[in-house]
Amino acid sequence: MSEAVQLERNPYATPLEEFDVSDAKLFLENTHWGYFERLRKEDPVHYCKDSMFGPYWSITKFNDIMEIEKNHEVFSSEGGITLADRPSDFNTVNFISLDPPRHDIQRKAVTGVVAPMNLAKLEPIIRARAAQILDQLPIGEVFNWVEEVSIELTTQMLAILFDFPFEDRRKLTYWSDMATSGELNGGPTPEADRRAALLECLEVFTGLWNERVHRDPAEAIDLITMMAHNPHTQDMDPMEYLGNLILLIVGGNDTTRNSISGGVYFMHQFPEEFEKVKNDRSLIPAMVPEIIRYQTPLAYMRRRATQDYEIRGKTIKEGDKVAMWYVSANRDEEVIDHPDQFIIDRKRPRHHMSFGFGIHRCMGNRLAEMQLRIIWEEILKRFDHIEVTGEPERIQSSFVKGYATLNTIIHAK
Amino acid sequence: MPTVKFIEFNGTEHNVEANNGESIMVAATSNLIPGIDADCGGECSCATCHVLIDAEWRAKLEPSTDTEESMLDLNPDRTEDSRLSCQIIVSDAIEGIKINLPEFQY
């Protein structure tokens, strides 16, 4: 990074009232950390009076976020979970952006696909896919881990969950990327392109829906058949179907993808932690939630206050937007010991904020953990170590916290 | 110190001496009882300390709050015996309570 950028981005030289941590460039540059550190110390409930998303509050401490997550009557999810307001003429509503009772009904219609019984059935399938992907990788040559492993594995997984035509699976990746990179959210994709991609997604999935209506729901366990046969979801209008598809595609794709890449990067940054797990693979189940904490694949979730609410002496007004910064909560030294350290054998590794808490807590959390556990079990069976050959290139988004490239060299055993 | 009997899904029983005033979840996790995750640490906001308590014992407990109900509702395996163990406080009044653990936490 150039000296000029570093100077420009000195969080202690910027007045607090000028802080706008929703700026996607901070995440592209990986310069957000200092801003959140200062907010946690000096102004943990912070008001930003002007941003590309309009005014919004930032909540940066773990326990304050927990308080807001639990209070879903005051802090509504209606209208969306990112700071950008959904355009009224392209309203892709879905269950994560609904309040009870509609939220509960729609969520329950699809929870079965990630139920523990189903995960047990999926495990050997995912393991076989992971093994196949890893066995095809070059040894001793530089390649982009994001493209060859993280995207490939999560996309295959998603194709299985939807029973999506396997040869077309990269379309899922494309739609997922288009959905989250829109200019309205501070990303590089023009809004018209985003909409065109998502309408194509809807068209393809409508074809699948029309076919799945005729499947026996007792036999099929894919998400589309589940939705097409559940009385609470079978009459969804097209934008609601699209909204829930995007939720499931992004939820099952970006997050796990970036945690897979992140894990490889962290092992490189903390070689002593890698040595620990290399010598004792029984540490993998505890290492996985630590990877998810350290990565925090979604930087925040948004709520909107339905009434005035007082927290830490400040009053959030009815109608105000509130960003709960998971990325900051996961570095809150009051809740997590040595939060800036990646430590694979923490005592309570699952006590992190990456999945959120309360009624909107991530539905696929156990699936995500299983995918990461399997990939690390299979990596450690095969390779000596994975060298990272340069700083990763990150994504321009303050919502999806992830990597575009992570160049690596695999060293054989 | 009241006794709490945890019964794993496979039938294995564990009798634990619990402290008055702590939650059943804390009694379980501090005695390394398998089958309780308690990701949120007792905030009634993750539903990974789900337990099953039969009607006879449930009648002796404080009823569940709206928050507990909304979290239990997310679990497709919920039954009328379902409770979140972080919301049940140990006291002499429930000496010997039987806590059945589900096969999985979500």
Side-chain angles (χ1 to χ4, degrees), chain A residues 62-74 95-96 99-101 103-120 226 230 285-286 289 292-293 324 329 335-336 347-367 369-370, chain B residues 8-12 22-52 62 64-89 100-106:
Chain A
F62 193 104
N63 289 329
D64 293 347
I65 291 180
M66 189 74 98
E67 177 180 334
I68 286 175
E69 291 264 36
K70 286 164 71 173
N71 201 340
H72 57 83
E73 279 159 20
V74 173
F95 68 81
I96 203 173
D99 292 331
H103 159 267
D104 301 19
I105 290 166
Q106 290 197 6
R107 175 172 166 139
K108 260 191 258 182
V110 291
T111 304
V113 80
V114 289
M117 287 304 280
N118 212 23
L119 294 188
M226 280 182 178
N230 188 299
I292 297 169
R293 175 189 77 89
M324 304 180 291
V335 176
I336 296 162
K347 253 196 191 143
R348 296 176 56 209
R350 277 182 170 150
H351 193 56
H352 62 70
M353 193 52 81
S354 298
F355 294 128
F357 283 109
I359 61 165
H360 295 286
R361 181 172 167 80
C362 174
M363 182 182 97
N365 59 352
R366 297 301 190 239
L367 171 63
E369 289 182 349
M370 185 172 85
Chain B
E8 287 184 57
F9 189 77
N10 65 15
T12 310
E22 72 185 6
S23 71
I24 296 279
M25 180 278 281
V26 168
T29 51
S30 48
N31 287 283
L32 303 177
I33 304 298
I36 300 236
D37 293 342
D39 294 0
C40 77
E43 295 279 343
C44 196
S45 57
C46 71
T48 63
C49 66
H50 176 215
V51 296
L52 301 157
E62 293 286 319
S64 51
T65 61
D66 289 351
T67 308
E68 185 180 341
E69 284 300 310
S70 63
M71 291 310 297
L72 282 169
D73 266 344
L74 303 179
N75 188 332
D77 294 343
R78 161 175 205 175
T79 75
E80 60 179 24
D81 290 348
S82 292
R83 289 294 308 261
L84 295 182
S85 58
C86 71
Q87 299 303 300
I88 301 169
I89 303 302
N100 296 294
L101 301 168
E103 189 173 10
F104 304 106
Q105 297 292 347
Y106 271 74

- Item | Side chain proximity check, A:Thr111 to B:Tyr106, heavy atoms < 4.5 angstrom | yes
- Nearest heavy-atom contact between A:His351 and B:Cys40 is CE1-O, 3.1 Å
- Note on the structure: So OG of B:Ser45 and CD of A:Glu69: to nearest 0.5 Å the spacing works out to 7.5 Å
- Check: B:Pro76 main-chain N/O paired with A:Lys108 side-chain donor or acceptor under 3.5 Å: no
- Query: So B:Asp39 and A:Arg348, salt bridge (charged side-chain N to carboxylate O under 4.0 Å, His left out) or not? Walk me through it.
  - Reply: CA-CA 8 Å; B:Asp39 294 0; A:Arg348 296 176 56 209; over 6 Å; no
- Item | Neighbours of chain A found in residues 23-31 of chain B - heavy atoms under 4.5 Å | none
- Item | pair A:Arg366-B:Thr48: side-chain heavy atoms closer than 4.5 Å | yes
- Query: Roughly how far, to the nearest 0.5 Å, is OG of B:Ser70 from NZ of A:Lys70?
  - Reply: 10.5 Å
- Message: With rounding to the nearest 0.5 angstrom, report the CE to CG distance, B:Met71 to A:Asp104.
- Response: 10.0 Å
- Item | Verdict with reasoning, B:Leu74 to A:His360, per side chain to side chain contact (heavy atoms under 4.5 Å, CB included) | CA-CA 9 Å; B:Leu74 303 179; A:His360 295 286; over 6 Å; no
- Message: Is A:Met117 in contact with chain B via its backbone, its side chain, both, or neither, using a 4.5 Å heavy-atom distance?
- Response: both
- For A:Glu73, look at atom CD and say whether over 12 heavy atoms of other residues, nucleotides or ligands are found less than 6.0 Å away. no
- B:Asp66 atom CG: more than 12 heavy-atom contacts under 6.0 Å: no
